[in-house]
Q: 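To start, I am sharing the structure in question, which I have written as structure tokens.
First the proteins, then the strands, lettered A, B, ... as listed; each starts at 1. FYI, side chains are in, hydrogens and waters are out, and symmetry mates aren't considered; it's all heavy atoms of this structure.
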Amino acid sequence: MILVELRLMLRKRRVWLCWLLLCALPTLVAVLLATTRLAPPPGRGGAFLSAVVSNGQIFPAAALALVVPVFLPITVAIVAGDTIAGESSAGTLRYLLVRPVGRLRLLVAKLVSVAVFVLLAVLFVTVVSYAVGVVAFGFGPDASLGGGGAIPSLSGVELSPADVVFRTATTVGYLALCMLALGAVGLLFSTLTDSPLAAALGVLALVVASAAVQPLDAAAAIEPFLPTAHWLAWIDLFRDPILWADVREGALVQLGYVVVAFGAAWANFSTKDVTT
Amino acid sequence: MGDSRVTRRWVLVGAGTAVLLGAAAVTLPATASADPEDLRTRILAGLPPHVGYAESTGRLGLPEIAALEQVTALFTSVTRLRTRYAGPEAWRVDELTPAGERDTYRLGGREYVWDFGANQLTVVSGETPVRLPRAADLVPSELARRLTSLTRADPVSALPARRVAGFDAAGLRITPADPDTTVGRIDVWCDPASALPLRVEVAARGADQALLFTEFREVSLSTPEITVPTAPPGAGEVTAEAADLAGALRQLDAAPPPPRLAGRDLVPLAGGLPGVGVYGAGVSGFVLVPASRGIADRVIDGAPAAGGTVVDVPVGRAAILTTPLLSVAARGGIRRGGVLVAGTVAPAVLDQALRELPGRRP
């Protein structure tokens, strides 16, 4: 069932288009920076952007900071909103459920496919932006001949290549979890409506509402539980030593969203009358 | 039957959500108690070595002041801080921002500032008697030490314990007695065993809610090793003398600070800075700093839009920006430039100080 869903997802043109666009935005930024050499002033602009001009190996971090706030959530909303509502609107959901598989298994398979989508999305952005970064800006001043040198952490201490790989892999995993939480909400919305667009817009409404409430002093009590509150915590992985506090808290909050949203999707979908 | 299944599933989901929220919100009870006077004495005696991560929140509503944006941000937003404190002469505080970090080290009589955004390490030798507030001042332990030393003679009382960063913390409240200060209360919660301050709240007079509070989210009583930072390859490294600031101020051709302003005597400063004066003691004092004409004019011009008031002075122009906790004033027409005056005092005190300042040299 899971493999069937994965194959189905990989055959969808819109999925590949999402990945392509996610990789295109950082590439465009790299081209602009490389041609103009006008990096944002220190402390302004996206995280790491002011430093990429001197070391292309930092570009994956800058690229992730670029796509995480808006573009990545949009693609997750599109894909997750389509999971059940897409089958419903296409008239294939009833036939899917005729097969001897439980609705819970179908939901699990759909969630796994969303998880694979977000993991690959973050991974593609990371790999493509690394390649684009070193081509556009080089390996940095400490590069050994023909290969990557060390990357300075935000704290100024140099990170060894092995350390960079570990931190980048942890970042990919963390961001994939953050987006999976959004995907689980999308899955829930997808069980509530027959319209994939409505489900996707619901996810985006949640993101916008969370981002709007987050900076308010009056919302301080609920701020740690907002879905967007910890999206940038991965930046702490590039400090030395790593500051785990926000990453740990963020991971727990996102796991909470996955559990609650998936539970609600199951509660709703298990007994839903499927007529299409 | 179908309806009951629906209900059962939703009840299960609801209960699971409640359990998750409950687990996140639950805090262990706090029962610590300590004699507040004894606690204050122990804070003043010195901080124990510690390593921690803290967050400071400022809600002063201070408008952005030209050329002082970094300073005003400390009092108007959330500042994330990581501290490693081995002793008064061996510590490091990192100000963590979404775009990088700015780390301040103190070691062997020197200060080192690593700024990721600027890609630069600055080595500063020496010290000045007065400097602008910086992120390191907002670490709960450091802020508590500073505020308790400024309010040694003010009455102190006990506060209910609270749990901070896993510690059962005992609380004390200092209530500044001087009627001219805007500071209504300073609340400090400490680990009763080590007297390490864990949370500090500062509220304006008559206000219920704190306008500045800082708290450790994680802290351990371990002794960190502080090493001299080195600039990574490709980064810049500059050396500066703290005394260079005196040279920069001399360029402003500032007048010597008057011996008395707004009823407060000038506090003598070791190795004083030209034109800089500190008046009064504790939290009811204020500081006078010479500024370029451009900075003073920008503050005065921006004051009405920021809710400030224009002050009539015999010579030049002046304006005051007030918040419940901090007052900032600027006056132009002082020699070739102007001055900034700031303190946790009532606006009337700064108003009087502005009027008493001598004007342009004839």
Q: Establish, yes or no, whether the cationic atom of Arg106(B) lies under 6.0 Å from the six-membered ring centre of Trp91(B) and within 45° of the ring axis.
A: no
Q: Quick one: what part of Leu121(B) sits under 4.5 Å from any heavy atom of chain A, side chain, backbone, both or neither?
A: neither
Q: For each of Pro215(A), Ser155(A), Ala233(A), Pro224(A), tally heavy-atom pairs with chain B at distances under 4.5 Å, and name the one with the top tally.
A: Ser155(A)
Q: Check whether Phe269(A) forms a cation-pi arrangement with Arg103(A) (NZ or CZ under 6.0 Å from the six-membered ring centre, at most 45° off the ring normal).
A: yes
Q: Please classify the contact of Phe225(A) with chain B as side chain, backbone, both or neither, using a heavy-atom distance under 4.5 Å.
A: side chain
Q: Does the side chain of Trp189(B) come within less than 4.5 Å of Leu159(B)'s, by heavy atoms?
A: yes
Q: Measure Leu20(B) against the heavy atoms of chain A and call it side chain, backbone, both or neither at under 4.5 Å.
A: side chain
Q: I need the single residue from Asp191(B), Thr83(B), Leu81(B) that forms a side-chain contact (heavy atoms from CB on, under 4.5 Å) with Phe216(B). Which is it?
A: Thr83(B)
Q: Does any donor atom in the side chain of Thr79(B) or Glu55(B) lie under 3.5 Å from an acceptor atom in the other side chain?
A: no
Q: Answer with side chain, backbone, both or neither: which region of Ala220(A) has an atom nearer than 4.5 Å to a non-hydrogen atom of chain B?
A: side chain
Q: Can you tell which part of Leu243(A) gets under 4.5 Å to a heavy atom of chain B, answering side chain, backbone, both or neither?
A: both
Q: Among Val13(B), Thr57(B), Thr230(B), which residue forms the greatest number of heavy-atom pairs with chain A at distances under 4.5 Å?
A: Val13(B)
Q: Between Arg167(A) and Asp236(A), is there a side-chain N and carboxylate O pair less than 4.0 Å apart?
A: no
